[in-house]
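In what follows, a structure is listed as structure tokens, so that the remarks can point back to it.
Reckoned from all heavy atoms, side chains included, excluding hydrogens, waters and symmetry mates.
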Amino acid sequence: MVRRAFLGLILLLVLGAASLALWEPLTAAPPQAPAFKPSEVRIARDKFGVPHIFGKTDADVAYGVAYAHAEDDFSTLQEVLAMTRGRAGAMLGEDGARIDYVGALLGVRATTARDWPKLPDDVRKLFTAYAAGLNHYAEKHPDEVRLSGLFPVTGEDVVAGFVLRSPFFFGLDSVLGALTEGRPVGREGGPVLDASGAPETRPLTPVGRDPSENGSNAMAVAPARSTDGATRLVSNSHQPWTGGVAWYELVVHSEEGWDFAGANFPGSPFPFLGHNKYLGWTNTVNRPDLIDVYKLVLDESGTKYRFDGAWRDLEQERIWLRVKYGPLTIPVPRTVYRSVHGPVVKNDNGAFAVRYAGIDQSQMVTQYYRLNKARNFAEWRAAMAMQGVPATNFIYADAAGNIGLFYNAMFPDRPAGFDWRGTLPGDTSKALWQATLPFDRVPALVNPRSGYVINANNTPWVAAGPGDELDAAAFSPLLGVEDDMTNRAARLIELFEESGQIDEARLKAIKYDTAYAKNGYAKAWIDRILALDIKRDPALVQAQDLLRQWDWTLDGKGRGDALALMLLRPANGRHYQRRAAPDALTVLRDTVAHLQEHFSGLDPKLGTVLRLRHGEGANRVDLPLDGGNDTVRASTLWDVEPDGRLKVRHGDSFIMFITWSKDGSVRSESIQPFGAATTRPDSPHYNDQAPLFVQHKLKPVLFDPAALKASGARFYRP
């Protein structure tokens, strides 16, 4: 009897486990496959494995973009697609489930379901074709599919990825994280009106694990400032080196006039930056105040909120998160709330609604496509005026010699009379903005007298050197434009101002600069460390002496570079995130202890400590790096390895130099930290760009199809 009961219990447990293992894919029925058949698609791989996609139509090209990217990084593409379906938790566990919750909270799928039929026909064709290319790869490689029922995907799924990720590029993760945990929301952009701190680094978000550290450098030089009359543009993005927002280089050509060289993120049918024959642009993160938080007044039941003197029902939706634990996927219930303001988060302090730039819209997909195909400055500005991309600076240059900085942001049209840097009253429509300001209200600097523009995640008022500043007083403080200054921006201004006429070699030297300006937060921080009274600790005194000898560059040649690198990182992180500086004595002690433990002294060579490492076994690379967390040559974030080395994971990523000669012809060079196939260890292009990357070298972009063919590129059909 006991044995029978025990066997019955075992059977129930087995059945329960089987149910938990099977319920998720059975309840996640995939949609119908999009009906698209390409007419003519060819992929060519150059010497470095960079895909060049050729098609009869733009849609054919998008199909090839998807297939080529899947050949190189199908694993990451699937993670992005799982996020758009609310199934990231089933693939990635708790980290993924957090993203699924956010997607439901923001109503991402409702937005795309409404907007998809309204998108222009050519845009829907492009996204449908891209989805079909992914499906084609999945059909041919079923053994690589990580989640049952994920395919086929649709064009609407792909658009949902844009809607989900877009607001996380300007800080939505910090706001939602603080509200969820009941912490104060961090300091917003614009004039400083409070002193609350920003939260620590958080888990996985739709734009990686370190969204608050995403940055970039950008430079454009006009013909009048060039030694040869050329126009030059430098794209120098700082993104994670792997994952869902790591750059993927590509070149596209269609018989419908789509010719573009640049890079995108997994899940995009088109490049986000780069150049065509006529013009180009790059982006840097800007950080204006584009998010507003409202405190709601709830009734006793907690189901209604007061608005303009009346009680409204708080919208509620029950959702089931799919959370993978080992072989099982557990259903976890949650409730998401929304008000007229936007998504609502409840915590011990009350209920808070969030409203942000670009809320509930998918216009960015059309804007990026139009930018790709613009043929002159007027067409490009017309595409920018669509204001689908809610944030990020655009630095522009073209064959006609125009250069410019556009502080792109969908600024809320905020009425005066409220503290927009703090928590707003949620019970009145007077504090609820409904529209955004037009593009002509965006700060912009076009063709300055200095002959150059730069941005390095600094205030847009300083973009072209002394005498060419934008007038901050001409723009309302309600916009929340940041007044931050980075070391990278200070150095770029110094370098351009002292350079006179600039040739290609000088521009490259500027881009790979590894110095700190002897002012700003870096100088104040070093002074604080040197002022510490630590005479009783010989190791700390030795560190101070070494720091006094440091030459303020992180080129790996002078003394004290490794020490300075590690000491400056905590200060830079706090400065960039608008937080108080850390404790100087603690940072100094920790750094000294680390160097003594792993390097038997305080002055190892920088390249011994700072490393580019990727892969295992025969395809592993382990190379020395230079630069730091806020130098123009950026090595921003790293993981501490068991041997004490610092393995960089974020910083200089996709780099592109673009030149339009006096005759209007274009050429470009580029480089990545690893290679084109970052998740394919058996590929010859897994790490083949790394030796060039660490040596500050570039490779040619074979934008001209004739040059590509002459190079011996491999052509094939997907």
Heavy atoms, side chains only, cut-off 4.5 Å: are [X] and [Y] in contact?
X: Phe693; Y: Phe674; answer: no
X: Leu507; Y: Phe496; answer: yes
X: Leu646; Y: Val640; answer: yes
X: Asp561; Y: Asp551; answer: yes
X: Tyr452; Y: Ile510; answer: no
X: Trp241; Y: Thr678; answer: no
X: Val102; Y: Phe168; answer: yes

Do side-chain atoms of [X] reach the backbone of [Y] as a donor and acceptor pair under 3.5 angstrom?
X: Trp525; Y: Leu567; result: yes
X: Trp281; Y: Phe272; result: yes
X: Ser216; Y: His238; result: yes

Nearest 0.5 angstrom please: [X] [atom1] to [Y] [atom2], how far?
X: Tyr516; Y: Leu565; atom1: OH; atom2: CG; value: 7.0 Å
X: Asn487; Y: Asn458; atom1: CG; atom2: CG; value: 11.0 Å
X: His685; Y: Glu71; atom1: NE2; atom2: CD; value: 11.0 Å
X: Thr76; Y: Leu81; atom1: OG1; atom2: CG; value: 11.0 Å
X: Glu498; Y: Ile493; atom1: CD; atom2: CD1; value: 11.5 Å

Tyr576 six-ring centre to Arg287 NZ/CZ under 6.0 Å and within 45° of normal:
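Judged by the rule (NZ or CZ under 6.0 Å from the ring centre, within 45° of its axis), Arg287 counts as positioned above Tyr576.
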Test Gln542 against every option in Asp537, Leu602, Asp603 by the side chain to side chain contact (heavy atoms under 4.5 Å, CB included) rule and name the one that passes.
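Among Asp537, Leu602, Asp603, the one meeting side chain to side chain contact (heavy atoms under 4.5 Å, CB included) with Gln542 is Leu602.
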Checking side chain to side chain contact (heavy atoms under 4.5 Å, CB included) against Leu625, which of Val609, Leu554, Leu606, Leu610 comes through?
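It is Leu610, the one option of Val609, Leu554, Leu606, Leu610 that forms the side chain to side chain contact (heavy atoms under 4.5 Å, CB included) with Leu625.
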Set of residues satisfying side chain to side chain contact (heavy atoms under 4.5 Å, CB included) with respect to Asp639, sequence neighbours excluded
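Expected list: Arg649.
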Can you tell me if CZ on Arg536 sees more than 12 non-hydrogen neighbours from other groups inside 6.0 Å?
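Count not over threshold, so no.
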Tell me if the NZ atom of Lys511 is crowded by more than 12 foreign heavy atoms within 6.0 Å.
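Counting neighbours around NZ of Lys511, more than 12 heavy atoms of other residues, nucleotides or ligands fall under 6.0 Å, so yes.
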Set of residues satisfying salt bridge (Lys or Arg N to Asp or Glu O under 4.0 Å) with respect to [X], sequence neighbours excluded:
X: Asp73; value: none
X: Arg488; value: Asp630
X: Lys508; value: Glu504, Glu669

Heavy-atom pair of closest approach, residues [X] and [Y]:
X: Glu494; Y: Ala517; answer: OE2-CB, 3.7 Å
X: Lys699; Y: Val50; answer: NZ-CG2, 3.8 Å
X: Pro51; Y: Ala68; answer: CB-CB, 3.8 Å
X: Glu497; Y: Gly465; answer: OE2-CA, 3.7 Å
X: Glu482; Y: Thr459; answer: O-OG1, 2.9 Å
X: Ser711; Y: Leu702; answer: OG-CD1, 3.5 Å

Sole residue of Thr282, Thr284, Asn217 in side chain to side chain donor-acceptor pair (under 3.5 Å) with Asn236:
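When side chain to side chain donor-acceptor pair (under 3.5 Å) is applied between Asn236 and each of Thr282, Thr284, Asn217, only Asn217 qualifies.
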Return each pair, listed once, that meets salt bridge (charged side-chain N to carboxylate O under 4.0 Å, His left out) where at least one residue sits in residues 675-687; pairs must be two or more places apart or across chains.
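Salt bridge (charged side-chain N to carboxylate O under 4.0 Å, His left out) check on residues 675-687 returns Glu144-Arg680.
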Could you please spell out the steps behind the side chain to side chain donor-acceptor pair (under 3.5 Å) verdict for Arg225 and Ser450?
CA-CA 8 Å; Arg225 191 68 189 273; Ser450 66; 5.3 Å; no
Answer yes when [X] and [Y] have at least one side-chain N-carboxylate O distance shorter than 4.0 Å, and no when they do not.
X: Asp503; Y: Arg506; answer: no
X: Arg559; Y: Asp545; answer: no
X: Arg613; Y: Asp643; answer: yes

Could you go through the side-chain contact (heavy atoms from CB on, under 4.5 Å) check for Asn283 and Phe169 one step at a time?
CA-CA 12 Å; Asn283 300 107; Phe169 281 99; over 6 Å; no
Is the closest side-chain donor-acceptor distance between Thr514 and Asp626 under 3.5 Å?
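No donor-acceptor contact under 3.5 Å links the two side chains.
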Can you spot which of Arg645, Lys647, Arg611 makes a salt bridge (Lys or Arg N to Asp or Glu O under 4.0 Å) with Asp622?
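Answer to the salt bridge (Lys or Arg N to Asp or Glu O under 4.0 Å) test with Asp622 among Arg645, Lys647, Arg611: Arg611.
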Below 3.5 Å, can you tabulate the donor-acceptor pairs from side chains in residues 587-599 to any protein atom, sequence neighbours excluded?
{"unit_1": "Thr591", "atom_1": "OG1", "unit_2": "Val587", "atom_2": "O", "d": "2.9"}
{"unit_1": "His594", "atom_1": "NE2", "unit_2": "Gly644", "atom_2": "O", "d": "2.8"}

